[in-house]
Protein chains: 2
Amino acid sequence: MGTIIQDQQLDALFTALSDRTRRDIVARLSTGEATVKELAKPYAMSMQAVSQHIRVLERSGLISQGRHRQTRPCRLEPAALEAGLSWIEESRRTWSDRMDRLETHLAHVQDREDQ
Amino acid sequence: MGTIIQDQQLDALFTALSDRTRRDIVARLSTGEATVKELAKPYAMSMQAVSQHIRVLERSGLISQGRHRQTRPCRLEPAALEAGLSWIEESRRTWSDRMDRLETHLAHVQDREDQ
DNA sequence: CGCTTGATAAAGCGCATGCTTGAGTACTGG
DNA sequence: CCAGTACTCAAGCATGCGCTTTATCAAGCG
């Protein structure tokens, strides 16, 4: 656990999610496949810029790109999201365990004071 | 929903989590409070560098800093983690709903072919 | 008081990011 | 074959990041 490869995956994942445009693209792709041109349409920026965002998302494992005629349809790879989810849940779990123990401890102290 | 403020919060949150050292610090703080010096000890980098990481984590809302004598103890603020968790879960939910519908649709097509 | 300790502030450096424009590639319909 | 569509590649530029070093500050101790 806590290997270097995992760390690099999480680096790439959270970096990918740290940009609003890329989060938008992920949200858009969660409703189905889309081509680069379709993904670029809502934004003021050039298609090249969107293409670069797609590259970042691909490096993180969040999406993959296929080929169909002239287009490169993108689709979500939800497995990558799971990695982020479980990292966050692990931290949360540790924290709430600690809170539980603290509560128990305080309850014990209270008991002793009640004697 | 989907306001500019929310977006900025998520930007800051995922940016904060995109660095291994900062994720380490969050994990460390999930087991209890710690001072800047204590947090810096495991790393080869200077305490100033760690202090800057702490600043990034604070801006994201993931941690807060108090004052006690000469020290500035840091503690985790798990509410910020929830924001990230729910963003990821929302994407996942939309995606799996779509997969369910697709399965249902394919089942229907299968039924019609079976007739 | 002056000295040490724990911490922030500020400036600087190398490198990555987000975007642009211009050129190149790959497929396709006329 | 040739023009157009969908994209990628490459270079350039401004900005931000991670870290360093130097300086400063605030709190406690002799």
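Each chain gets a letter, A, B and so on, in the order its sequence line appears, and its residues count up from 1. Worth knowing before you read on, the calculation uses all heavy atoms, side chains too, and leaves out hydrogens, waters and symmetry mates.
The nucleotide range of DNA chain D contacted by chain A, defined by atoms under 4.0 angstrom from heavy atoms of the protein and reported 5' to 3', is dA6(D) to dC9(D).
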**Prompt:** Could you write nucleotides 24-30 of chain C as a row of B, S and -, 5' to 3', where a protein heavy atom under 4.0 Å of any base atom gives B, of only sugar-phosphate atoms gives S, and otherwise -?
**Reply:** ---BSS-

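R23(A) meets the salt bridge (charged side-chain N to carboxylate O under 4.0 Å, His left out) test with D7(B), D11(B); sequence neighbours excluded. In terms of the side-chain hydrogen bond (donor to acceptor under 3.5 Å, both in side chains) criterion, R72(B) has no residue partners (sequence neighbours excluded). S64(B) meets the side-chain hydrogen bond (donor to acceptor under 3.5 Å, both in side chains) test with E77(B); sequence neighbours excluded. Applying the side-chain contact (heavy atoms from CB on, under 4.5 Å) test to S86(B) and every residue at least two apart in sequence or in another chain returns nothing. In this view, R28(B) satisfies the side-chain hydrogen bond (donor to acceptor under 3.5 Å, both in side chains) rule with no residue, not counting sequence neighbours.
Listed in residue order, the members of residues 29-53 of chain B having a heavy atom less than 4.0 Å from DNA chain D are M45(B), S46(B), Q48(B), A49(B), Q52(B), H53(B).
Among pairs with a residue in residues 80-96 of chain B, those fulfilling salt bridge (Lys or Arg N to Asp or Glu O under 4.0 Å) read E82(A)-R92(B), R92(A)-E82(B), E90(B)-R93(B), R93(B)-D97(B), at least two apart in sequence or across chains. For residues 30-47 of chain A, the set of pairs meeting the salt bridge (Lys or Arg N to Asp or Glu O under 4.0 Å) definition, not counting sequence neighbours, comprises E33(A)-R75(A). Legend: salt bridge (Lys or Arg N to Asp or Glu O under 4.0 Å) pairs involving residues 47-56 of chain B, not counting sequence neighbours, sorted by first then second residue: R55(B)-E58(B).
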Just distance, no hydrogens or angles: give the donor-acceptor pairs under 3.5 Å from side chains in residues 43-50 of chain A, sequence neighbours left out.
unit_1: Y43(A); atom_1: OH; unit_2: D24(A); atom_2: OD2; d: 3.4
unit_1: S46(A); atom_1: OG; unit_2: A49(A); atom_2: N; d: 3.2

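Looking at T15(B), its side chain never comes within 3.5 Å of a backbone N or O of A12(B) through a donor-acceptor pair.
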